[in-house]
Amino acid sequence: MTADRMLSPEEARTTILRHIKVLGPERLSLFDADGRVLAVDILAHRDNPPYDNSAMDGYAVRHSDVVQANASAPVALTVIEDIPAGKVPEKQVGPSQASRIMTGAPVPAGADTIVPVEDTRGEGSNIEVLEVEDVGEHIRFAGEDMRAGRPVLTAGTQCGPGELAVLAAVQQSFVSVFRRPRIAILSTGDELVEIEETPGEGQVVNSNTSALAAFCHAHGAEPIMLPIAKDDQTAIRATIESALMADFVVSSGGVSVGKYDFVKKVLDDLGAETIFWRVAMKPGKPLVFCTVDGLPYFGLPGNPVSSMMSFLQFVRPAIRKASGYPETDWPLPEAQAKIEHPADNDGGRRQYMRATLSYRDGHLFARTAKSQGSHMISSMIGANGFVVLEPNQQAATGDVVSVQIVGPIF
Ligand code: AMP
Ligand code: MG
């Protein structure tokens, strides 16, 4: 281990990101592309709307015929055709004529305005127009939404329901999106048992693998959950070697200075290039970042909250970069919030405090969890944000502090 300096969280993140490559594209069916990032620009193959069409059920008219119409002096028109949606108009609208038209149907030649049925009287082939708005009113013009040949979505856009609607409209039944990183997750510790095992004396249940796998899902990666590795070099080495088929490896535990913290040693033996192994933050000071044959390896601390915190600060940005998100989307989103109680960071490292963020009266508020111990798994329940306090920062009730947003805010 050579890289001895303790990095700031920003330095650590930028350093990690320098080692992360954007993964290649894969083609997915439209529906499977939900939540994924486009790898190519998408052009509209035809105009949308594809033709001028009516925005209302009503009558297609010549504006000049009815411009004077009002309730006391209605204008009579002869209806020459019915145009339901899906029908191609056959007749041209001439002077004092109208075509009955439904929403979405093509506007017939000769007509330049739609009069909604509510602004008319009568039915059959004789109707009266009671009022009219401007010329062109209630017509949806060809190409006003999307223009044939022009880009409608650009590479780097995350697909959600709205983007899928656009992709469907331009008939992209398969789309090219960035691959999601496959992340091998392994927990180390002699004391750990799997969740279905009965813990004996001195044993604790492995909660990190589940938490880290869920974070992978939430932030756009595919977790591969490996079995627990005992605190012995052979076991850790075998498990790490089995993990090297992934895009990244994330382990928890065994990276501190304890006598049985073997992860760094095993990585050295595997010829890993250690980039750094400490970050000036709390929780989460020990964090090994290295590359094993070019493969990024994150050795997170074992304490449950520390491992989750380090994942969100460092693995999430790596996932986002690898899967094609724009740079602004790599770190957790940040905001300013009023803190609801005094809080201070009397240590020398930046502190990330689990918090509940809420909106009230147009303001964002933050309330930190009572216990910030890094073993307090339950303090993560409902934590939709972190309050970020710099070394020696003191915040009084109502002070504005920086927060990171982790989940939906209600
Ligand atoms: P370590 O980083 O290996 O020294 O572990 C620090 C603390 O985190 C110890 O109390 C461990 O028992 C606990 N711990 C480590 N790994 C896990 C895990 N996978 N699930 C729950 N607790 C863990
Ligand atoms: Mg351990």
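Order of listing sets the numbers, starting from 1, for every ligand and every atom in it.
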| message | Show, in sequence, the C-alpha distance, side-chain angles and deciding distance for His138 and Glu133, and conclude whether the side chain to side chain donor-acceptor pair (under 3.5 Å) test is met. | response | CA-CA 9 Å; His138 305 304; Glu133 296 168 60; 3.2 Å; yes
Table of N or O contacts for ligand 1, cutoff 3.5 Å:
from: ligand 1; atom 1: 2 (O); to: Gly302; atom 2: N; distance (Å): 2.9
from: ligand 1; atom 1: 3 (O); to: Gly254; atom 2: N; distance (Å): 2.9
from: ligand 1; atom 1: 8 (O); to: Gly302; atom 2: O; distance (Å): 3.3
from: ligand 1; atom 1: 8 (O); to: Asn303; atom 2: N; distance (Å): 3.2
from: ligand 1; atom 1: 12 (O); to: Glu191; atom 2: OE2; distance (Å): 2.5
from: ligand 1; atom 1: 14 (N); to: Gly302; atom 2: O; distance (Å): 3.3
from: ligand 1; atom 1: 19 (N); to: Ser187; atom 2: OG; distance (Å): 3.3
from: ligand 1; atom 1: 19 (N); to: Asn206; atom 2: OD1; distance (Å): 2.9
from: ligand 1; atom 1: 19 (N); to: Asn208; atom 2: ND2; distance (Å): 3.4
from: ligand 1; atom 1: 20 (N); to: Ser207; atom 2: N; distance (Å): 3.1
from: ligand 1; atom 1: 20 (N); to: Asn208; atom 2: N; distance (Å): 3.4

| field | Check against side chain to side chain donor-acceptor pair (under 3.5 Å), Thr154 and Asp41 | value | CA-CA 4 Å; Thr154 49; Asp41 292 347; 5.0 Å; no
| task | Scan side-chain atoms only and decide if Ser54 and Thr103 contain a donor-acceptor pair under the 3.5 Å cut-off. | result | no
| request: Identify, with sequence neighbours excluded, every residue that meets side chain to side chain contact (heavy atoms under 4.5 Å, CB included) alongside Leu43. | output: Pro151
| query | Any side-chain heavy atom of Met281 sitting closer than 4.5 Å to one from Pro9? | reply | yes
| note | Partner of Arg350 under side-chain hydrogen bond (donor to acceptor under 3.5 Å, both in side chains), picked from Gln313, Gln393, Glu390, is Glu390
